[in-house]
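This report refers to the structure that appears directly beneath it.
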Amino acid sequence: MYTLSNKLRLFSIILIVVGAVGLVAGFLQAPHTIDDVKEIMAAHDAHGGGHGETTAADSHAAPAHGETSTATHGEEDAHGGDAHYEHILHQLQNKPWAALYVAAFFFFMISLGVLAFYAIQFAAQSGWSPVLFRVMEAITAYLVPGGIIMFVILGLSGFHINHLFVWADPEVVAHDKLIQGKSGWLNGTMLLVRAAIFLGGWIAYRYFAVKFSRKQDEANDNAWYRKSFKISAAFLVFFIYTESMMSWDWIMSFDPHWFSTLFGWYVFAGLFVSGITTIALITIYLKSRGYLEFVNDSHIHDLAKFMFGISIFWTYLWFSQFMLIWYSNIPEEVTYFITRIEDYNITFFGMLVMNFVFPLLLLINSDFKRINWLVIAGGIVILCGHYVDVFTMVMPATVGESWFIGLSEISAVLLFLGLFIFVVFTALTKAPLLAKRNPYIEESKHFHY
């Protein structure tokens, strides 16, 4: 049985407190009026400019909170420049909300990715992975608090308490025929109804899967395992549909004028590899602390194979989506990438290096997959790369060209990292680390590749 150390508990609580305080400070620092924006820009200009608020003054493209074009030259002429400052005001007010959203979604998607991987192991009747089941179950424990947080943020955004979703702004919708045509799907009520269905289904599967796993430990036959197999197969059908719709609602709708038929798969690849990477990192950590003695180098090797393989799959989807849209050069579609290349070139190309080039060079060698510190290094880069990926998907439509990595972004990551560590490692204390009556547990304990 795993025991949560006081040091780890204290560390996670400190992260939560520091992150929460910093995030509150980030909200308080956000400008409230156009005059505040003018003061910020004047102060920034006085220090020589740079990336951030002053960039917004010179930019031509990115919308305040999702509009295709808000602060045009015509508006500046008509309103004496105030429309442009209002544009920047919306961006800077969105910044702490967007930072909160990115971090909340990133850690939630890790847990969701592990849930899908866990279900696949049961549906495939996998023989190598049962020794890792309790680690997977602990990571999926974050689905409940993480899902509640996402639901609250979606409610605040879908009903225009903040300005993250442009389709939630009645003034914008009134002048946008395309968004009006999508209003049957893109509205606050339906957003929350669908989110409740998604979260309810995912959490319900997790509840019954863990319950059956615990029951199997005390059983004299494989009846509970067979139930786990059945609900896992059914869940995967439910998941593949709901994950796609979730990606449309929670990410793609930030840019309601743009769509991609590959987007659901693209988001899935990101959450899947992030979840598998987290399993590997936590497994290696527990083994280093004297737990999981039944996990051997072959298990780590297989996890690293998945990290490498899904990273290549993610790259394939990224390239397919980008190449087809870029080559066709249809203005309504290519604008999505032009905005990111022009205003987010560091993160746009940086996450490609972290999510493809680095795993390719580090994990392609079979021997390297058995070296723990190399797997840890690769895993940290992969997780950082997919955080940057989520950042690059969300920020251009919500913060536009006024982005910079500041107090809000760092604090939000610390807050949810602390919460994630606390929930996951507390869940590890609730059951033995070995699913002893799983019918494949002996095969898994003696697995060698």
Side-chain angles (χ1 to χ4, degrees), residues 108-144 147 198-244 246 268-269 271-280 282-283 286 292 294-296 298-307 309-310 313 424 427-428 430-447 449:
F108 176 80
M109 84 175 195
I110 290 175
S111 186
L112 185 60
V114 173
L115 187 72
F117 189 69
Y118 180 73
I120 289 171
Q121 303 311 303
F122 273 103
Q125 299 185 345
S126 174
W128 72 275
S129 57
V131 295
L132 303 172
F133 278 0
R134 292 295 152 80
V135 174
M136 299 183 202
E137 291 168 5
I139 297 172
T140 59
Y142 183 78
L143 273 177
V144 177
F198 304 158
L199 293 169
W202 299 336
I203 292 172
Y205 166 72
R206 192 264 170 189
Y207 170 80
F208 286 107
V210 173
K211 178 182 177 180
F212 294 168
S213 177
R214 302 289 193 272
K215 294 266 188 192
Q216 183 63 39
D217 277 359
E218 309 302 327
N220 296 319
D221 56 23
N222 295 327
W224 291 107
Y225 178 83
R226 288 193 291 270
K227 290 183 179 181
S228 295
F229 168 78
K230 291 176 182 178
I231 65 170
S232 296
F235 167 74
L236 288 172
V237 177
F238 174 81
F239 174 79
I240 204 65
Y241 284 101
T242 53
E243 184 278 331
S244 292
M246 175 273 287
F268 166 74
L271 66 87
F272 200 51
V273 71
S274 297
I276 294 169
T277 299
T278 304
I279 295 171
I282 293 178
T283 299
L286 290 174
L292 301 181
F294 34 80
V295 173
N296 57 48
S298 293
H299 296 106
I300 303 301
H301 178 274
D302 270 25
L303 288 171
K305 281 198 299 185
F306 277 108
M307 290 164 59
I310 305 301
F313 177 59
V424 170
L428 281 168
K430 304 299 183 183
L433 292 179
L434 183 66
K436 58 184 179 180
R437 271 289 292 122
N438 185 289
Y440 294 100
I441 197 65
E442 290 302 318
E443 177 182 344
S444 183
K445 287 166 67 175
H446 298 93
F447 170 71
Y449 173 81

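Bear in mind the structure is a predicted one, so any value in this text is a computation, not a measurement. Note that the numbering runs from 1 along the sequence shown for the chain.
Looking at Gln216, its side chain never comes within 3.5 Å of a backbone N or O of Asn438 through a donor-acceptor pair. Under the 3.5 Å distance criterion, the side-chain polar atoms of Thr140 are left unmatched by any main-chain donor or acceptor of Leu115. A side-chain donor-acceptor contact under 3.5 Å links Asn296 to the backbone of His299.
For the pair Phe235 and Ala119, the tightest heavy-atom approach, listed with the atom from each and the gap, is CD2-CB, 3.6 Å. Minimum heavy-atom separation, Phe294 to Leu433: CZ-O, 3.5 Å. Closest approach of Glu243 and Phe268 over heavy atoms only: OE2-N, 3.2 Å. Gly201 approaches Phe238 most closely through the heavy-atom pair CA-CE2, 3.6 Å. Counting all heavy atoms, side chain and backbone alike, Gly275 lies closest to Val114 at O-CG2, 3.3 Å. Nearest heavy atom pair, residue Tyr205 against residue Ser232, reads OH-OG, 2.8 Å.
Residues Pro130 and Phe133 meet the side-chain proximity criterion, which asks for heavy atoms closer than 4.5 Å. Contact of the Phe447 side chain with the Tyr440 side chain is not registered, since no non-hydrogen atoms from C-beta on lie closer than 4.5 Å. Using a 4.5 Å heavy-atom threshold, the side chains of Val131 and Ile441 count as touching. In this structure, Thr278 and Val424 have side chains that are not in contact, with every pair of non-hydrogen atoms separated by 4.5 Å or more. Between Trp128 and Gln121, the closest side-chain pair of non-hydrogen atoms falls below 4.5 Å. Between Leu286 and Val295, every side-chain heavy-atom pair lies at or beyond the 4.5 Å cut-off.
For residues 115-142, every residue pair satisfying the salt bridge (charged side-chain N to carboxylate O under 4.0 Å, His left out) rule, not counting sequence neighbours, is listed here: Arg134-Glu137, Arg134-Asp217, Glu137-Arg214.
Partner of Ile139 under the side-chain contact (heavy atoms from CB on, under 4.5 Å) criterion, out of Leu112, Leu428, Ile282: Ile282 alone.
In this structure, the separation between CZ on Arg206 and OH on Tyr142 is 14.0 Å, given to the nearest 0.5 Å. Atom OH of Tyr118 sits about 12.0 Å away from atom OG of Ser126, to the nearest 0.5 Å. Atom CE of Met136 is separated from atom CD1 of Ile279 by 4.5 Å, given to the nearest 0.5 angstrom. With rounding to the nearest 0.5 angstrom, the CE atom of Met109 is 3.5 Å from the OG atom of Ser274. The distance from atom OG1 of Thr277 to atom CD1 of Ile110, rounded to the nearest 0.5 Å, is 8.5 Å. Between the NZ atom of Lys305 and the CD1 atom of Ile276 there is a distance of 12.0 Å, given to the nearest 0.5 Å.
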(request) Could you walk me through whether Phe306 and Phe117 pass the ring-ring contact (aromatic ring centres under 6.0 Å, His included) test, one step at a time? (result) CA-CA 10 Å; Phe306 277 108; Phe117 189 69; 5.2 Å; yes
(message) Please evaluate residues Arg437 and Asn220 with respect to the criterion side-chain contact (heavy atoms from CB on, under 4.5 Å), reporting the C-alpha separation (whole Å), side-chain torsions for both, the decisive distance (0.1 Å), and the verdict.
(response) CA-CA 8 Å; Arg437 271 289 292 122; Asn220 296 319; 5.6 Å; no
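Using a 30° and 60° split on the angle between ring planes, Phe208 and Phe212 fall in the tilted class, from 30° to 60°.
Tyr225 has its ring centre no less than 6.0 Å from the ring centre of Phe229.
Residues that satisfy the side-chain contact (heavy atoms from CB on, under 4.5 Å) test with Glu442, not counting sequence neighbours, are Lys445, His446.
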